[in-house]
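Encoded as structure tokens, the structure appears first; notes follow it.
Since the structure is predicted, the reported quantities are computational estimates derived from the model, not experimental observations.
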2 protein chains.
Amino acid sequence: MESRCENCIVRQFNALRAMNKEELKQVSDSKTYKTIKKGEALFEEGEKLDGIYCVRNGVSKLSKLSANGKDQIVKLATKGEVIGQRSVIAEEHTNLRATAVNDMEVCFIPKETITNTMHKNPNFTLEVLRHMAHDLKEADDVIVNMSQKTVKQRVAEAFLYLKNNFGETEDAFLSLTLSREDIANVVGTATESCIRIISEFKKKGYLKTSGKKIGIIDEKGLQNLVNGF
Amino acid sequence: MESRCENCIVRQFNALRAMNKEELKQVSDSKTYKTIKKGEALFEEGEKLDGIYCVRNGVSKLSKLSANGKDQIVKLATKGEVIGQRSVIAEEHTNLRATAVNDMEVCFIPKETITNTMHKNPNFTLEVLRHMAHDLKEADDVIVNMSQKTVKQRVAEAFLYLKNNFGETEDAFLSLTLSREDIANVVGTATESCIRIISEFKKKGYLKTSGKKIGIIDEKGLQNLVNGF
DNA sequence: TTTAAAACATGATATATGTCAGTTTTTGTT
DNA sequence: AACAAAAACTGACATATATCATGTTTTAAA
């Protein structure tokens, strides 16, 4: 279960790989290990964070709830990704809440450890910056998609995204199973609309389902749809 | 016209304020001054940038053109803001194009100058990081608004945004005059829809217009609309 | 000042998507 | 295995918004 950050594989995927041995030791000594059950929150919108979360296992959704009950998912964070760094860096309250989509294991690293390293090690800061630049690009792309693509295209794109980022099982179902509601909240549409489109995709031979599990049959077909045939 | 960065007021608004005298001198010596006419592009989508642009005057829109001709505006950058840093930091081609909304004066700073400083001065890197964290938050907010608010609410919000970020003239018109098409492209809607809503807001006494100039009469009213009455 | 082009404006209509209401299936728990 | 609760699904309908078509005003250039 618990282990030293120096030996943690997960670290390879995030900015912590730019840390030197001494800095990693400091992280290792100050971190705490946590498990979060499916459905539980890592933090709520508006909270002040005392540190960041490094995901060792499981998936978290970052979302914002509106007055009318809609919960827009802005990002899905998985193994190796870091959650909460935006808030810690800007020294602001969180603008999103983080919820476990399935059971999670995370390491909590106190913000002092992070900020100390950022003031001393420019390579680390630069690495964090690169990751944030990537996140910003993705966010820009989402904005553009929301205004230029139809719901159907965005749903199709969401499945391709899930396949590319989370992979599929041996029996060709998506490894990450989201509820229809969560898919709708990623896409930014109503749950019923999302369900209807999934049914249509099934009829057209793009997808297969088994309970709430979904598998991609015709990736090319979905891709064509995204690109407007 | 031309001047030393050390004395440039604009610098106070961006990450360059975290540079020391020596670093600023380097920027000053390597920068080039450019003017861009209204409608001209600073760079096109997909270009590789050799440096960043620091806006001294005027406003630039960062947008992405879709196949069907829609041009979604993701950000408006004005005096003091830096354009192109995301692309330079991530060492990627630009994902957006930058166009002058009105006549602009900018300083072009070669990327070597920036990356040199980033490797040496953690405070500068951290300051860049803070700005990017802020941009990311704004982008997240836009995503959420796009999915949770109606076009009418988003148009109302756009006018409040324009007032807060660009101010108004003595006769209470917005200082930044955008075409109806540009407003529509900020909001992510059709130009006709945008025009219709402006007409409606005029009738309801929220706005006044004079040619393409627009002024806010009832800020509270617009704000209520944004919040769903 | 005249004129052409661009931008603004409005009506009519089509359509994608949301909402409401109800049924069936799946899931997880005792 | 039985059950309740949650999630998935489907139909009917409402509506916000896009699209097309056309006229008017504004802008900028000759």
Closest-nucleotide 5' rank along DNA chain D - winner of A:Gly211 and B:Arg154: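 Looking at the nearest nucleotide for each, A:Gly211 comes out on the 5' side.
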
Under 4.0 Å, heavy atoms only, any strand: does [X] hit a base, just the sugar-phosphate, or nothing?
| X | result |
| --- | --- |
| A:Thr191 | nothing |
| A:Ser193 | base |
| A:Thr189 | sugar-phosphate |

Closest nucleotide of DNA chain C for A:Lys212 versus for A:Cys194: which of these residues is on the 5' side?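 Nearest nucleotide further toward 5': that of A:Cys194.
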
So which one's nearest nucleotide on DNA chain C is more toward 5', A:Lys70 or A:Lys213?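 Checking each residue's closest nucleotide, the 5'-ward one belongs to A:Lys70.
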
Please report, rounded to the nearest Å, how far the [atom2] atom of [N] is from the [atom1] atom of [X].
| X | N | atom1 | atom2 | value |
| --- | --- | --- | --- | --- |
| B:Ile197 | C:dA9 | CD1 | C1' | 14 Å |
| B:Lys152 | D:dA16 | NZ | P | 7 Å |
| B:Met146 | D:dA16 | CE | P | 19 Å |
| A:Ile195 | D:dA6 | CD1 | C1' | 12 Å |
| A:Glu192 | C:dA21 | CD | P | 12 Å |
| B:Glu181 | D:dA18 | CD | P | 14 Å |
| B:Ile183 | C:dC8 | CD1 | P | 8 Å |
| A:Lys149 | D:dA18 | NZ | P | 17 Å |

Decide, yes or no, whether a salt bridge links B:Lys152 with B:Glu200 under the criterion of side-chain N to carboxylate O below 4.0 Å.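 Looking at B:Glu200 together with B:Lys152, the answer is yes, because their closest N to O distance falls below 4.0 Å.
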
Return the minimal non-hydrogen interatomic distance between B:Leu76 and B:Val101, and the atom names on each side.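 Scanning both residues, the minimum pair turns out to be CD2-CG2, 4.4 Å.
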
Derivation and outcome, salt bridge (Lys or Arg N to Asp or Glu O under 4.0 Å), residues A:Arg86 and A:Asp135: CA-CA 10 Å; A:Arg86 203 209 61 74; A:Asp135 282 354; over 6 Å; no

Any side-chain N or O of B:Ser199 less than 4.0 Å from the OP1 or OP2 oxygen of C:dT10?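 True: B:Ser199 side-chain N/O within range (under 4.0 Å) of C:dT10 OP1/OP2.
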
Is there a donor and acceptor pair closer than 3.5 Å between the side chain of A:Arg196 and the base of C:dG18?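 Answer is no: no donor-acceptor pair is held.
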
Is there a donor on the side chain of B:Arg180 or the base of C:dT10 sitting less than 3.5 Å from an acceptor on the other?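 Such a pair does not exist between side chain and base.
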
Among C:dT27, C:dG18, C:dC8, the nucleotide that comes nearest once only the side chain of B:Ser179 is considered: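 Nearest to the side-chain atoms of B:Ser179, counting from C-beta on, is C:dC8.
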
Does the Lys NZ or Arg CZ of B:Lys208 fall within the cation-pi geometry relative to B:Phe173 - under 6.0 Å from the ring centre and within 45° of the axis?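 Output yes; distance and angle both within limits.
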
Would you check, one step at a time, whether the test side chain to side chain contact (heavy atoms under 4.5 Å, CB included) holds for A:Val59 with A:Met104? CA-CA 7 Å; A:Val59 176; A:Met104 296 184 75; 5.9 Å; no

